[in-house]
Amino acid sequence: MRSSGSPTERHRGRRTTKLGALALCAVTVVLAGCASADPTPGASSHASTAQASTFKAPPQKAGSEITVWTDSTRLPSVQKYEKAHPDVKMNVVTYDGGADGSTYLQTKVQLFDRVGKGWPDVVFGTPNDTTWASQPTKPGATAFAAPVDENGLVPQATLDGFAKGSLTPCQYDGHTYCLRNDIAQVVLWYNKSLMDKWGYSVPTTWPQYEALGKKVAKEHPGYLVGSVGDTNSQESYFWSSQCPAFDQTKPGTLRVDLGDSHCTRMSSLLDGLISAKAVSKQGFFSQGFAKNSGSKVLMAVGPSWYGQYLFKTAFKTPAKQVAAAPPLTWPGDTAPATGNVGGGVWMVSSHSANLKASAALATWLTTSNDNQATAPTYPAYTPAAKAWLANPANSDYFADDVSTPFEQAAQSVWTGWATTKFSDATAWSSIVLPALTAGHSLTSTLPAWQKAISDEARANGYQVAGK
Amino acid sequence: MTLLETQRVVVPASRTDAGPRRRSGGRAGYLFVAGYTLFLLAFGVFPTCYAFYLAFTNSMGQFTGLNQFVKVAKDYRFLPAFEHILIYLVLWLVVLVVLTVLSAVLLRSRVGPRTSAVLRFLYYIPGALAGVASVLVWLFMLDPDVSPVSWLLSALGMNSFAAVLSPGNLPVIFLLIAFWTGAGGWIVVMYGALNNIPDEVIEAARVDGAGPWRIAWSVQIPMVRQWIVYMTILAFASGTQLFVEPQLLQTASLGRVSPTWSPNQLAYVFAFQQGDFNGAAAISVFLLAVGLIAAGLLVSRSSMFRLDEK
């Protein structure tokens with residue numbers, strides 16, 4: 001006798017099978033007939049778009065108010081312009097646009113793009129901001145940054161006046177989307193008073209730096225020749241070593257090869273100095289460093305703004321002690337190469353109803369001697385940089401003239417380290433620094449760092465090439 | 001809660017005799033719940049529906065089925081984020097349940113009424129501080145350079161803020177912050193629940209020869225079981241939403257904490273750094289599903305809504 005012979009049961013069974021088949025069909029149809037989750041993969045990188053001029057200015061309203069977003073450091077400059085140009089109506093907003101890894105501007109622009117209003121007219125941002133601002137944030141949207149080389153916004157002659165390579169992070173698809181405010185070329189800072197007192201000569205090459213560091217560790221324990229613990233230390237060291245960590249070989253393709261000898265030569269140099277305790281694993285800018293070790297910094301490989309912001313403001317090193325030397329070189333390298341730690345940009349919004357006033361402001365802020373001669377950091381616009389160096393306020397504090405090392409370094413920034421859609425600080429500070437704190441060597445952490453950069457790059461739409 | 005539910009069941013039987021009054025009471029009732037309902041619809045239900053819409057479409061508005069979910073689940077940060085939150089949740093729920101119930105039982109039966117009131121007030125204070133302020137307090141506590149308990153931190157082998165923030169310590173740090181801000185309120189609630197147990201019940205247990213521990217374990221805790229389940233569900237839901245703590249710690253530590261430590265942070269990065277609102281919505285729906293499944297399991301396993309208790 002069959003156990004499941006009753007008609008109702010058989011009927012129910014058939015119905016279940018039918019339902020199951022139907023559900024299966026539905027799922028298959030849903031899955032097969034669905035659009036891709038990411039309809040335009042190319043749109044998220046700069047790979048695909050090599051269009052000619054596509055920027056159409058929105059209707060202009062002469063004399064209309066412009067909204068300016070600035071970081072607090074650049075606020076006095078904007079206020080100065082406001083005072084000198086009472087005819088320009090301005091609404092000035094301070095935000096944390098200068099901070100490392102701030103995504104405030106990007107967040108806000110994404111939201112403005114969704115509601116179709118609210119964009120500021122002129123903003124101060126990081127070079128990383130230009131990578132997304134030069135592309136539409138979603139299909140159908142207009143890229144936030146206006147190409148300033150179009151519609152006569154900024155004359156080509158002005159653009160040509162910027163330091164070599166300093167506008168590279170602003171340029172996509174053959175257009176320029178920002179004006180570089182300042183550059184942060186890496187030099188070798190040193191305490192001249194201590195060096196003279198101890199009879200040390202200033203190193204000019206990396207091997208000399210390494211040797212001196214080890215000597216200092218032995219003869220003056222506790223004194224430091226550098227730090228790797230900050231969010232930007234990788235730019236001071238690995239960028240200066242021409243390590244292909246963020247090497248954009250073509251638009252949208254990033255070569256990440258930390259096994260390259262340009263990277264390992266730096267990591268083993270630093271490992272030696274870290275274990276000798278001549279290079280600190282704690283960041284210069286970390287809590288308590290200035291108080292505990294600020295007076296023990298003999299040398300620091302870092303950007304041009306270290307002089308005023310680190311030694312003078314944070315460490316309170318007395319005047320006439322600190323000096324800058326040109327970037328260190330590697331034996332066998334034909335031309336000096338150095339890194340770049342920050343440096344802001346000004347962007348004009350493509351949605352501005354007063355592009356003329358917006359562009360005029362951005363131009364004045366970046367190129368005018370009136371503003372830049374007294375600016376807090378080294379200007380990217382070459383004539384303005386000369387005026388900046390000539391201003392005693394920018395050089396009085398130092399033991400020597402910083403002009404030569406600054407100008408030399410400004411021309412030597414290695415262009416193989418690209419400004420990417422994601423910050424180069426994230427992987428360094430969340431993967432490498434905790435590993436160093438846990439006692440691992442820098443060299444042993446390179447594979448993890450490489451993986452973190454590659455993963456992040458892919459998530460941001462880049463093709464990643466290894467060697 | 002049990003009492004209220006029981007009354008509601010009884011109501012229909014006696015409905016006929018007091019018609020008009022009840023109806024006007026009903027209107028006032030509607031008025032009272034209207035404000036809440038409006039806010040719930042505007043800031044709870046509508047955003048949830050919108051999140052579902054986003055999660056099943058792409059940036060062009062095309063229907064994508066489950067593709068968004070597959071995409072975010074394949075993301076390299078997805079599994080670590082969920083793993084972090086899982087470790088944190090297990091620690092947080094166990095510690096929360098054990099310590100709040102234990103504290104409430106002790107406050108109820110082993111501490112004098114006046115001391116108990118003072119202690120309950122003290123426990124409640126941290127919860128009254130805004131979330132961000134609480135985290136800031138902990139940033140000071142955890143930085144050996146400024147912490148009043150730096151001796152304790154160095155005794156544990158942590159001499160710098162960086163060492164305190166090593167990846168392995170993070171779940172414990174978030175647990176400390178969450179417990180400090182959240183547990184006090186729950187102790188007060190548990191205490192209230194224990195207060196609802198009639199004295200005769202405790203008395204009867206005592207007459208039967210039960211000691212304080214026996215009473216706690218066999219009488220008090222089973223009788224507040226539904227409150228414990230309720231607390232667990234809410235703590236689970238808020239635990240999966242962890243965002244402010246890791247985000248602030250990430251900024252304060254100059255990036256030493258991953259910006260995608262928790263799933264909510266990952267959703268934030270998807271939305272506002274990658275401009276992928278659909279992917280972000282898919283992660284949120286994942287979290288919602290996890291929360292609902294966990295709540296469903298807890299409710300059905302503990303028979304939380306059973307009405308025939310008394």
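Quantities reported herein were computed from a predicted structural model and do not represent experimental measurements. A, B, ... follow the sequence lines: proteins, then strands. Residue 1 opens every chain.
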Please state whether the side chain, the backbone, both or neither of [X] comes within less than 4.5 Å of a heavy atom of chain A.
| X | answer |
| --- | --- |
| B/Tyr268 | side chain |
| B/Phe161 | neither |
| B/Asp75 | side chain |
| B/Ala252 | neither |

Working to the nearest 0.5 angstrom, can you tell me the gap between [X] [atom1] and [Y] [atom2]?
| X | Y | atom1 | atom2 | result |
| --- | --- | --- | --- | --- |
| A/Gln110 | B/Gln274 | CD | CD | 10.0 Å |
| B/Ile283 | B/Gln68 | CD1 | CD | 10.0 Å |
| B/Leu176 | B/Trp138 | CG | CH2 | 4.5 Å |

### Query
salt bridge (charged side-chain N to carboxylate O under 4.0 Å, His left out) between B/Asp145 and A/Lys291: does it pass, once the steps are laid out?
CA-CA 10 Å; B/Asp145 280 321; A/Lys291 193 182 75 185; 5.2 Å; no
Side chain from CB out, backbone as N, CA, C, O: work out which of these in [X] comes under 4.5 Å of a heavy atom of chain B, or both, or neither.
| X | value |
| --- | --- |
| A/Thr437 | side chain |
| A/Ala459 | both |
| A/Arg114 | side chain |
| A/Asp113 | neither |

Chain B contacts, top residue of [options] (heavy-atom pairs, under 4.5 Å):
| options | result |
| --- | --- |
| A/Val432, A/Leu111, A/Val109, A/Thr426 | A/Leu111 |
| A/Arg458, A/Lys281, A/Glu456, A/Lys108 | A/Glu456 |
| A/Ala427, A/Ser36, A/Ala435 | A/Ser36 |

With a 6.0 Å cut-off on ring centres, are [X] and [Y] close enough?
| X | Y | answer |
| --- | --- | --- |
| A/Phe289 | A/Phe285 | no |
| A/Trp428 | A/Tyr237 | no |
| B/Phe277 | B/Phe270 | no |

### Message
Between A/Lys451 and A/Asp455, does any side-chain N to carboxylate O distance fall below 4.0 Å?
### Response
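Counted as a salt bridge, because a side-chain N and a carboxylate O are separated by less than 4.0 Å.
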### chain A interface, residue from B/Phe69, B/Phe56, B/Tyr76 that has the most non-hydrogen pairs under 4.5 Å
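Highest number of pairs under 4.5 Å: B/Tyr76.
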